[in-house]
2 protein chains.
Amino acid sequence: MIELKAEQLEIIQKMSVFQVRAGMPPTEARILSLLLVSDRTELTFDEIRETLNTSKSAVSTALNTLVLRNKVESITIPGDRKRYFKHQLKNWNANAKDGLEKLLSVNQLLKEILAVRTSETEDFNQDLKNVIAFIDFMQVELVQVFDKWNKQQQIENK
Amino acid sequence: MIELKAEQLEIIQKMSVFQVRAGMPPTEARILSLLLVSDRTELTFDEIRETLNTSKSAVSTALNTLVLRNKVESITIPGDRKRYFKHQLKNWNANAKDGLEKLLSVNQLLKEILAVRTSETEDFNQDLKNVIAFIDFMQVELVQVFDKWNKQQQIENK
DNA sequence: AAATTAGTTCTTTTAATTCAGAACCAAAAG
DNA sequence: CTTTTGGTTCTGAATTAAAAGAACTAATTT
């Protein structure tokens, strides 16, 4: 059982609310938040369960999907049967990119809609074309922004 | 009751699934999708209800939240008691910006976390600093991307 | 090999969303 | 002023999602 200061508990609370609003299931959100604030960065299954006061089954399924989604990594230490779980901060960047690309993929559907629309509604169709152009534009620009960041990082790490 | 071709129905279906996955309630998603594909772009409450074969209450609450969220606009024609509902394509851009900014606002919390973290975990803290720097970077870049788009639009519309 | 550990998987319970149906209300028409 | 139209609001009811609990499994100690 991990001892947490009031501050840390508060942040877990706020951070979880934020992530739940963004569509993440509560237990997953609380695990991720715990892994961000706890003094030890690698926690065992049982430490997580005890600290969050949650059932084994809930922790097990949440951890498994978090690992699957590359949000958490599971580490095994030789000679220690327990697995340790750690926040995959390093993947934040890539996860963000994936998330954004999923959002932008709506453009495929919008293009289908445009193809099917009556030509009678000129103004509306023009607005739709604009949205499509905007999303296409964002797609290109975002790739560039990510590239720029990666290059900048390579230089700094030299 | 709006007549829809098989194609249109199919797209409503696909588009709704997409939006529901992104967290939108089914009725809202189907209304938005209908307003995107239907030949007439301004539909009455009852046309929507009949076409989607849904209850008045569901349509009423869904439309009201869609209007509140600036996804749909409600138009009144003088001498006609009905309200007409239209997809707010024009706001797509602004809604996207708001959505992204909300996502990036997680950085506030990450900074709080960094402030509270033990200094023992150097590597982890460095990774966290990196994420924060990345989000700060994205914030600046995205503003520029939006500006670039807006300028480009102004030029085209001259 | 018995018992414990570290978790998984299946079933049930609980809680939250979503929708429908009916009652209701305000504006307009007859 | 009564009726109709165009919705809204207020219960439930049904569905869905999340969590708990218990039974299970595969290693590991003892």
Side-chain angles (χ1 to χ4, degrees), chain A residues 1-2 12-13 15-35 40 42-69 71-86, chain B residues 1-2 12-13 15-35 40 42-69 71-86:
Chain A
M1 161 94 168
I2 302 293
I12 291 178
Q13 181 54 25
M15 190 67 176
S16 307
V17 167
F18 187 93
Q19 313 245 44
V20 168
R21 284 216 190 105
M24 182 176 289
T27 305
E28 288 179 37
R30 289 190 295 144
I31 291 176
L32 274 183
S33 308
L34 170 61
L35 291 176
R40 281 177 38 237
E42 300 174 6
L43 303 184
T44 68
F45 186 98
D46 243 41
E47 285 171 333
I48 294 170
R49 192 189 56 69
E50 286 181 335
T51 309
L52 298 180
N53 195 27
T54 310
S55 68
K56 283 169 94 177
S57 54
V59 172
S60 177
T61 48
L63 275 175
N64 286 331
T65 75
L66 286 171
V67 168
L68 205 70
R69 302 255 149 81
K71 308 249 179 185
V72 163
E73 68 182 316
S74 110
I75 294 161
T76 49
I77 296 174
D80 188 346
R81 189 134 87 89
K82 301 184 208 65
R83 287 200 287 161
Y84 288 81
F85 295 93
K86 184 175 182 185
Chain B
M1 161 92 169
I2 303 293
I12 290 177
Q13 181 54 24
M15 190 68 176
S16 307
V17 167
F18 187 93
Q19 314 244 46
V20 167
R21 284 218 190 103
M24 182 175 290
T27 306
E28 287 180 38
R30 289 190 297 141
I31 292 175
L32 272 184
S33 307
L34 170 61
L35 291 175
R40 281 178 37 238
E42 300 175 5
L43 304 183
T44 67
F45 185 98
D46 243 41
E47 286 172 332
I48 295 170
R49 193 190 54 70
E50 287 182 335
T51 308
L52 297 181
N53 194 26
T54 311
S55 69
K56 284 170 96 178
S57 54
V59 172
S60 177
T61 48
L63 276 174
N64 286 332
T65 75
L66 286 171
V67 168
L68 205 71
R69 302 256 149 82
K71 307 250 180 185
V72 163
E73 68 182 318
S74 111
I75 294 162
T76 50
I77 296 174
D80 187 346
R81 191 134 88 88
K82 302 183 208 61
R83 287 199 288 162
Y84 288 82
F85 295 93
K86 184 175 182 185

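Every chain is numbered from 1 and lettered A, B, ... according to where its sequence line falls, protein lines coming before strand lines.
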| message | Each nucleotide in nucleotides 18-30 of chain D should get exactly one letter: B, S or -. Can you fill that in based on protein heavy atoms under 4.0 Å? | response | -SBB-----BS--

| remark: Against the side chain of B/Ser60, the closest entry in D/dT8, C/dA6, D/dG6 is D/dT8

| query | Where along residues 15-22 of chain B does a heavy atom fall under 4.0 Å from DNA chain D? | reply | none

| query | Under 4.0 Å between a side-chain N or O of B/Arg83 and OP1 or OP2 of D/dT8? | reply | yes

| query | Atom CD1 of A/Ile75 to atom P of C/dA6: distance rounded to whole Å? | reply | 17 Å

| Is there a donor-acceptor pair closer than 3.5 Å between any side-chain N or O of A/Thr51 and the backbone N or O of A/Ile2? | yes

| Quick one: side-chain hydrogen bond (donor to acceptor under 3.5 Å, both in side chains) partners of B/Ser16, sequence neighbours excluded? | B/Ser33

| task | Only pairs at least two apart or in different chains count here, so list each salt bridge (Lys or Arg N to Asp or Glu O under 4.0 Å) that has a residue in residues 44-64 of chain A. | result | A/Arg40-A/Glu47, A/Asp46-A/Arg49

| field | Rounded distance in Å - CD (B/Glu47) to C1' (D/dG7) | value | 15 Å

| query | Expressed in angstrom and rounded to an integer, what is the separation of A/Ile48 atom CD1 from C/dT8 atom P? | reply | 11 Å

| query | In this structure, which one of A/Ile31, A/Thr65, A/Leu66 forms a side chain to side chain contact (heavy atoms under 4.5 Å, CB included) with A/Lys71? | reply | A/Leu66

| Flag side-chain contact, heavy atom, 4.5 Å: B/Glu28 against B/Leu32 | no

| task | Measure from OH on A/Tyr84 to C1' on C/dG7 and round the result to the nearest Å. | result | 14 Å

| field | side-chain hydrogen bond (donor to acceptor under 3.5 Å, both in side chains) against B/Ser60, all qualifying residues, sequence neighbours excluded | value | none

| Between P of D/dG7 and CG of B/Leu43, the distance in whole Å | 12 Å

| field | Value in whole Å for how far the C1' atom of D/dG7 lies from CG of B/Asn64 | value | 9 Å

| remark: For A/Ala62 and A/Thr27 the tightest heavy-atom approach is CB-CG2, 3.9 Å

| query | What would the secondary structure line of DNA chain D be in dot-bracket form, counting Watson-Crick and G-U wobble pairs under 3.5 Å, with [ ] for pairs that cross earlier ones and | for pairs with another strand? | reply | ||||||||||||||||||||||||||||||

